[in-house]
Protein chains: 2
Amino acid sequence: MIEASAGPRSAVRAAAQRQRILCAAQKCFVDRGFHAASMATIAQTADMSPGLIYRYFRGKSEIILAIIEQQLEVARERIGELHATSDLAGALAGSYGKSADCNSEHISPPLFLELSAQATRDPQIAAASRASDAAVRAAFVQVLTRSQAEGGYGLSKAEAAGRALMLMCLFEGLKVREAREPQIDRRMLRAALEQVLAAIFQPPRQPS
Amino acid sequence: MIEASAGPRSAVRAAAQRQRILCAAQKCFVDRGFHAASMATIAQTADMSPGLIYRYFRGKSEIILAIIEQQLEVARERIGELHATSDLAGALAGSYGKSADCNSEHISPPLFLELSAQATRDPQIAAASRASDAAVRAAFVQVLTRSQAEGGYGLSKAEAAGRALMLMCLFEGLKVREAREPQIDRRMLRAALEQVLAAIFQPPRQPS
DNA sequence: CTCTTAAGAATGAACGATCATTCTCTTTTT
DNA sequence: AAAAAGAGAATGATCGTTCATTCTTAAGAG
């Protein structure tokens, strides 16, 4: 790679530069969208010349892929929090509408939506999305199937799969809503979320 | 306008041409995204010359706006079906993954997602989205607040507002999921949907 | 410590491609 | 024949990418 023949000093700097570019690109993608954000604008946001970007990335599409993989890592990290959070509805309602900069743990709604749309067109993005979704869903299923004594909800495997799917739809729907309705009443959102989440986490009703 | 000085004959043709352009543009936007779809490609899809499009639309952004308003009309029409549909979960699970052409009653997931992302950037799109959302939400609230004798669910106004919000999140989340996971197990989706929908439509539990 | 020097880092102008839009000309309709 | 509809090449702008060049850095020689 670039830093193969150089010392560790330049390797650190190269990584920092890469991160600076990714941060600027993410901001530009949020502000203007994937295709409308130009390399010139990204370079200006990162406070460097356009040509320099190509020392650290092969091109624009590689930047997009790098951002996706970065978000995938963030998603994996956030899975751990899931097990510890007791007030899930409150956390979701509280973070609603918060601006997500590049080192935030929450992905920006427009970025997430555009990324999901691109997943229907670009096979690489589709594969990355599937990987991320599978990890999140597995974590949901684990919590739902684990016995109540272990802090889980003791659902059957089939039940848990369905509930996990609905949880993902709900979270993703919140992202859509965040984009379309940024100034929502948080209190109402939180109350409504609590009810639906309670229903999803409840044991299945027996067929009469 | 264009057909102001002409007879009704040309007005009919003009409307048909407009519709042909909108249909082609919608297809191109789904396939490539808003910015990546070129006017040349749209013209080719509509089987006409690029210049001809400008006889019927002022430019590209006006085409986008027209598609949005068209989808808004479709949404309003679909609200009527809501009151009549008994098997909502089955209908949703059944239409999942079906390709949506331009005269379909279902908006294509990538188009919806890209549109929602653009709503965070373009004030006109944001306004149109808000109008559509308000109509849909009002219809949900109406069904939820109407007394059970009238086919409703007899919820209070505050309760209904929250439930309607969750319904919208769920539907929009399904759109996201449709984009990210086109080959889902429909049977599981339907079963899970039925449970969550039942919970959302249920009367509120009394505080013990 | 200073000078030399070579390589990496960074610049910004230049290039080819592409895009939205316009315009001139031709075809069709009435 | 007049007017509307349509075609398609031309235009100016913009974009991603490249490249010749300059600046910076740091290490080795004296």
Side-chain angles (χ1 to χ4, degrees), chain A residues 1-29 31-67 114 118 122 124, chain B residues 1-29 31-67 114 118 122 124:
Chain A
M1 298 302 174
I2 295 168
E3 66 272 13
S5 58
R9 299 277 301 275
S10 59
V12 168
R13 173 161 186 86
Q17 290 284 68
R18 269 183 70 100
Q19 192 56 43
R20 193 146 67 99
I21 294 169
L22 287 182
C23 188
Q26 188 162 333
K27 181 172 169 53
C28 291
F29 289 157
D31 287 347
R32 295 168 173 266
F34 280 147
H35 291 281
S38 71
M39 293 295 271
T41 306
I42 294 173
Q44 195 176 349
T45 304
D47 207 42
M48 59 177 63
S49 66
L52 187 55
I53 294 181
Y54 289 84
R55 185 176 292 274
Y56 301 99
F57 293 94
R58 297 181 80 91
K60 194 176 180 180
S61 61
E62 197 179 277
I63 295 180
I64 297 178
L65 260 299
I67 286 181
E114 210 152 354
Q118 277 292 338
D122 186 327
Q124 286 192 271
Chain B
M1 298 301 175
I2 296 168
E3 67 272 12
S5 58
R9 300 278 300 277
S10 59
V12 168
R13 173 160 185 83
Q17 289 285 67
R18 268 183 71 99
Q19 192 55 42
R20 194 145 67 99
I21 294 169
L22 287 183
C23 188
Q26 189 162 331
K27 182 173 168 51
C28 290
F29 289 156
D31 288 347
R32 294 168 172 266
F34 279 148
H35 291 281
S38 71
M39 293 295 272
T41 307
I42 294 173
Q44 195 175 348
T45 305
D47 207 42
M48 58 177 64
S49 66
L52 188 55
I53 294 181
Y54 289 85
R55 187 175 290 275
Y56 300 99
F57 293 94
R58 297 180 79 92
K60 196 177 180 181
S61 61
E62 196 179 278
I63 295 179
I64 297 179
L65 259 299
I67 286 181
E114 208 150 355
Q118 276 292 338
D122 187 326
Q124 285 192 271

Peer 1: Going by heavy atoms closer than 4.0 Å, what residues in residues 59-67 of chain A are next to DNA chain D?
Peer 2: A:Gly59, A:Lys60
Peer 1: Quick check on C:dT18: is either OP1 or OP2 less than 4.0 Å from any side-chain nitrogen or oxygen of B:Arg32?
Peer 2: no
Peer 1: Heavy atoms from C-beta onward define the side chain here; which of C:dA10, D:dT17, D:dA7 lies closest to that of A:Pro50?
Peer 2: D:dT17
Peer 1: Could a donor-acceptor pair under 3.5 angstrom be found where the side chain of A:Arg55 meets the base of C:dG8?
Peer 2: no
Peer 1: How many Å lie between CD1 on B:Ile53 and P on C:dA20, as a whole number?
Peer 2: 9 Å
Peer 1: With B:Ser38, which residues qualify under side chain to side chain contact (heavy atoms under 4.5 Å, CB included), at least two apart?
Peer 2: B:Ala40, B:Thr41
Peer 1: Does some side-chain heavy atom of B:Ile63 sit less than 4.5 Å from a side-chain heavy atom of B:Ile53?
Peer 2: yes
Peer 1: Mind calculating the distance between CD (A:Gln44) and C1' (D:dC15) to the nearest angstrom?
Peer 2: 15 Å
Peer 1: Expressed in angstrom and rounded to an integer, what is the separation of B:Asp47 atom CG from D:dG6 atom C1'?
Peer 2: 12 Å
Peer 1: Within this structure, what is the CZ-CD1 distance for the pair B:Phe29 and B:Ile67, rounded to the nearest 0.5 Å?
Peer 2: 5.0 Å
Peer 1: Please enumerate all residues that pass side chain to side chain contact (heavy atoms under 4.5 Å, CB included) together with B:Gln44, with sequence neighbours excluded.
Peer 2: none
Peer 1: Heavy atom of residues 18-28 of chain A under 4.0 Å from DNA chain D: which residues?
Peer 2: none
Peer 1: Only counting residues at least two apart or in another chain, list the ones meeting side chain to side chain donor-acceptor pair (under 3.5 Å) with A:Gln19.
Peer 2: A:Gln70
Peer 1: May I ask you to test the B:Glu114-B:His35 pair for a side-chain heavy-atom distance under 4.5 Å?
Peer 2: no
Peer 1: When you measure from the side-chain N and O atoms of A:Tyr56 to the phosphate of C:dA10, is any distance below 4.0 Å, counting only OP1 and OP2?
Peer 2: yes
Peer 1: Can you name the residues that form a side chain to side chain contact (heavy atoms under 4.5 Å, CB included) with A:Ala15, not counting sequence neighbours?
Peer 2: none
Peer 1: Rounded to whole angstroms, how far apart are CZ on A:Arg13 and C1' on C:dA9?
Peer 2: 8 Å
Peer 1: Protein within reach of the bases, or only the backbone? For nucleotides 23-28 of chain C, mark each nucleotide 5' to 3' as B, S or -, using heavy atoms under 4.0 Å.
Peer 2: ------
Peer 1: Within a strict 4.5 Å, meaning less than it, do heavy atoms of the B:Lys60 and B:Phe34 side chains meet?
Peer 2: no
Peer 1: At what distance, to the nearest 0.5 angstrom, does CG of B:Asp122 lie from CD1 of B:Ile64?
Peer 2: 8.0 Å
Peer 1: Could you state the interatomic distance from CZ (B:Arg32) to CD1 (B:Ile42), rounded to the nearest 0.5 Å?
Peer 2: 10.5 Å
Peer 1: Considering non-hydrogen atoms only, spot the tightest contact between A:Met39 and A:Gly59 and give its length.
Peer 2: CE-C, 4.5 Å
Peer 1: Would you tabulate the side-chain donor-acceptor contacts of residues 20-28 of chain B under 3.5 Å, counting partners in other chains and residues two or more places apart, or write 'none'?
Peer 2:
from, atom 1, to, atom 2, distance (Å)
B:Arg20, NE, B:Gln17, OE1, 3.2
B:Arg20, NH1, B:Ala46, O, 2.5
B:Arg20, NH2, B:Gln17, OE1, 2.9

Peer 1: Rounded to whole Å, please give me the gap between CE in B:Met48 and C1' in D:dG6.
Peer 2: 9 Å
Peer 1: Can you list, by residue number, the residues of residues 33-42 of chain A that have a non-hydrogen atom closer than 4.0 angstrom to DNA chain C?
Peer 2: none
Peer 1: If I take atom OH from residue B:Tyr56 and atom CD from residue B:Glu62, how far apart are they, to the nearest 0.5 angstrom?
Peer 2: 14.0 Å
